[in-house]
Amino acid sequence: MDEVDKILIHSLRQTGTDVGKDVQSVKHFTSELIVEAVVRCLRVIDPALGSGLCPSLPPGMSARFRVGMSLAQACQDLGYKGEIGYQTFLYSNEPEIRSLLMFLVEKLPRESAEASDQPAGKSALLQKSIAAQIKAQLALPWLSPSCRLPLLCKTQNPGPSHSFHSQTLSLPHCLKVPGKKQLKGKPQNTQDPHNLLSLDFLPPVTAQPSQHASVPASLLEQHAGELSAAQEWENEWNSQGLLSRLTPEEYRSRKRARLQKRIEEQLRTAAQTRPDTLGAHGSGSDLTELLQSFGGSPLIGDILAKGTRFTHTEKFTFTEEPEKAAKQMAAAANSLPSSHQSEEDLQARQQEELASLQQQLQQLSLSLEEVGGDMRQLTVSIHQVSDELKQKELSNTEEEDSVRVKKQTIYLLPDGENNLAKLQALVEGSAERVVNLAAQWEKHRAPLIDEHRRLKELCSNQEIESSRKLSEIKELHEKISQSAEEAKKKEGLYKQLITEFENLPKDISRSAYTARILEIVGNIRKQKEEITKILSDTKELQKEINSLTGKLDRTFAVTDELVFKDAKKDESVRKSYKYLAALHENCTQLIQTIEDTGTIMREIRDLEEQIDTENGKKTVSNLEKILEDYKAIRQENSALAAKIREA
Amino acid sequence: MAAPETQLMLSIGLIEKDVNADTLWVWCYPSVSAELREVLLSKCCLTQDSQGLNTFVFGQFCRTWYYISTVEVQEPTALKKVTHFSLVVTAKDFNPEKYAAFSRVLCRMYIKHGSPVKMVEGYIAVLTKGICQSDENGSFLIKDYDVRKAYLAGSVKDVVSQFGMETIILYTALMLKKRIVVHHPRIEALLEFTRALPALTWHRKDWSILHPYVHLTDSELENLRTCTGYVAGFVDPQVSNRPDLFDVYVNLPDTEITVSQSAKEAMAMGKLHKDIGLVIVQSAEDADRTDGQVIKDISIKTREILANLASLAEDCEDSKITLETLKQRHFPPATENFLFHLAAAEQLLKI
């Protein structure tokens, strides 16, 4: 009971009730204290309910009575199931008060509801503290610059904000971690021994950017880049890399080669589409040179050289044109008149030039046509000639074959009949032999093909197996990463909770309570065990009693009969029969007395318990109080009646 | 008669697909070169997993005709673990019906006995005697399958009914020994269409220009390039992006004929072509005339033109035509152009 009271008093103190230091248990609560405690609790639980009530007891009896009634009503509204009325507050007894206060304290709203759903993790904590700081700063009113205190200056000036300017940082090359950059910042001039210290080593990362303000931005960008590269590699490796069943280095080198090939192909196709267009020769040749430097150059050269005669001659004629035009332009430029010659001369000269150019044009077009006609003729004749050639070749081979056969036939012709018969026999013989050989070959071939098929099946089964194992491996990877994350989270949570726990106030020792509770639970369990044992013992005893009683009855009945039979004849037997009957009756009475004793003892115990409870109820003192109060009320009533009569 | 005929068959081979969905070249007699084997594996529908079964396809590679019949193995059979197989017959001549019938006989033998030895027996019987006993009643006789029948099996009437007047483009291209490429996604339609085309130039009776089933692989395209003029069928629609392969492109499902830029000048058509075109269309539209008769009509017209050309040639020295002689006759330019190229094709041109 001590513990319960201590907890109750503590909670009541937290609601605002002024419980004196010497009050250690509910037994010592006065009526005023009780009323104050209940009202404050009601106010905390339900402000609407408790606002109409006053924590202190008024002096007048009827007022007190009213306050008691309203408190009782309020408690019943809250849901208190026990018997409650004004007497609980004015004439209290310990058990009722204890149960009421326990009910109210349980109803008090829990403050721990907020604490339970705090997110774990360092980042959450950081964010929460940032949010708290910003809230605090925002809560401060804005002041004009002249009125600001130095502390406010820092937070309310626009000065500290900078734009996000990042610079690339150099990091030393690390073999273990993929993706880190090569060591830059190698010594610029190794010959200069005086600057060794400054140039031989890479400056620290915070000193690398040109402006100090861009350090955080550069660090953030660098880190984000590395993180995303690592994540991408993880994703790619887990999805495609594992499937390709190569080691990471092999996979990477293959990927690099693939990408290089693709780049080459793209450049090559771009270069190939160019050579058709006029005037793009320059860029095309640059590109082809570039591609030649990659290697694999003969392909480009072949494609360019494979054009038909037409395109080649086209190119030649067209390249002639610009050259000629250039020459003519140069000639024209040379014959440009100097500024002091007359205009007419100028015009005449221009006309001449025009005429000569037109003539040249005509000549050129004529020659073009001629050449075109020649080309046509030549292609067509080429076609014809190649066609003829092919046909002649084919007929040649055919004729050779037929000549060979005819030669053989001629050779065999003289002895025609015989040779024919011989030939037929030969043919049949070879046919048989071939069939024989085919059968023998089949004997070899069939098992080999079967073996091949069997091995193929095995191979495909193994493939299935390995892909299944691969998926298992993937699952395991996922599980591993999940468990690692969970472990990290739990560790973070644990650390956070430990710090919180250390920061908690130590006024109430929770561990003492929990130990006590566990003790009580253990005790209860032991008691339960004992009770069960006792119950089983009782059952056993009862069974024994029943069986013994039964035995007794049966034995007595048998004996009775047996003796009675003989009793009719023999006198001594009759006496023994009487003794037997008397014995039986006495024993029965004895047993009955014992049972009655037991019942009476039980009743005594119950009555003693009732006496104890009644004693605790302070009935006598309450009765006295009630009588006094009754007298006081009567006095008040009479006073009021007198006042009314007077008025 | 028997001797030159039977020497036309070159070899037979077997391709099997087993329960592991694995396709293998399992057997051949007497021998098939590695290159040809590769080509045949690519033509066999068992290696192409998307399409269904093509029971019979044929084609040409390096002047060898191949005929592939594919059969799905059904019970009762002596073959274990085989789900489908293809029988390949290679020969020097073009005669799809003959080889299809022969393949059927051999396939039945194979299914029944499960061993290629029986096939060898049948093959040698045909090779030596020209006759083979088949399991069902009757036997396979080579002499039942005349090559002329194979030539005439293609339907020119169908070609004309699909393309109408545009058939003259095909006719011109064939006469001038140009390169025609036909595309259709289904191989059966492609084979049927292309085999009828060389019949338009019946006077030559040359089916070696026919390559009805070609893929866009290097070896096959090399082979095509060695021929001056050809009719090639492609299942792959990518062939339309290869203008270096054709002078005339026929898109069969869309019924479109396009002439490539480089050949437009040689294929210019005029009044003469209109006349020929009319003859072709009228003859084909006549419901009473059979395919054979249509071909005959076309060949009559062709012979007229050739006779004309021959007479021109006789007037020249060497009996060869030159461009000047043609110009002297003052033909309209399209006709002159056509006759000039035709003379080259018929080897009447002076070099």
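Letters go in sequence order (proteins before strands), and every chain restarts at 1.
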Practice prompt. Let me know if L176(B) has heavy atoms under 4.5 Å from chain A in its side chain, its backbone, both or neither.
Written response: neither

Worksheet item: Heavy-atom distance under 4.5 Å between the side chains of H452(A) and D22(B), does that happen here?
Response: yes

Fill in: Contacts of residues 438-447 of chain A with chain B (heavy atom under 4.5 Å)
A438(A), A439(A), W441(A), E442(A), R445(A)

Item to complete: Side chain from CB out, backbone as N, CA, C, O: work out which of these in Y29(B) comes under 4.5 Å of a heavy atom of chain A, or both, or neither.
Response: side chain

Response to the item:
Turns out that what part of A266(B) lies under 4.5 Å from chain A's heavy atoms comes down to neither

Worksheet item: Which pair of non-hydrogen atoms, one from N337(B) and one from R376(A), has the smallest distance, and what is that distance?
Response: OD1-NH1, 3.5 Å

Item to complete: Select all residues of residues 385-402 of chain A having any heavy atom within less than 4.5 Å of some heavy atom of chain B, and report them by number, or 'none'.
Response: V385(A), S386(A), D387(A), E388(A), K390(A), Q391(A), L394(A)

Fill in: Gap between atom CG of L458(A) and atom CG of N20(B) - 0.5 Å precision
10.0 Å

Item to complete: Not counting sequence neighbours, which residues clear salt bridge (Lys or Arg N to Asp or Glu O under 4.0 Å) with K407(A)? List them please.
Response: none

Worksheet entry | Contacts of type salt bridge (Lys or Arg N to Asp or Glu O under 4.0 Å), residue E222(B), not counting sequence neighbours | R225(B)

Worksheet item: What residue, out of R63(B), M119(B), K81(B), has the most heavy-atom pairs lying under 4.5 Å from chain A?
Response: R63(B)

Item to complete: Would you give the length of the straight line joining atom CD1 of I124(B) to atom CZ of R433(A), rounded to the nearest 0.5 angstrom?
Response: 10.0 Å

Item to complete: Report, as yes or no, whether the 6.0 Å neighbourhood of atom CZ on R468(A) holds more than 12 heavy atoms from other residues, nucleotides or ligands.
Response: yes

Fill in: Top contributor to chain B interface from H383(A), K456(A), R453(A) [non-hydrogen pairs under 4.5 Å]
R453(A)

Worksheet item: In terms of heavy-atom contacts, does NZ of K406(A) have more than 12 from other residues, nucleotides or ligands at under 6.0 Å?
Response: no

Worksheet item: For atom CD of Q266(A), is the number of surrounding heavy atoms from other residues, nucleotides or ligands below 6.0 Å larger than 12?
Response: no

Item to complete: Among V427(A), L437(A), V434(A), D450(A), single out the residue with the greatest number of heavy-atom pairs under 4.5 Å to chain B.
Response: V434(A)

Worksheet item: Side chain, backbone, both or neither: which part of E265(B) has an atom under 4.5 Å from a heavy atom of chain A?
Response: side chain

Worksheet item: Counting only heavy atoms not in Q260(A), do more than 12 sit closer than 6.0 Å to its CD atom?
Response: no

Worksheet item: Ion pair present between E428(A) and K129(B), side-chain N to carboxylate O less than 4.0 angstrom?
Response: no

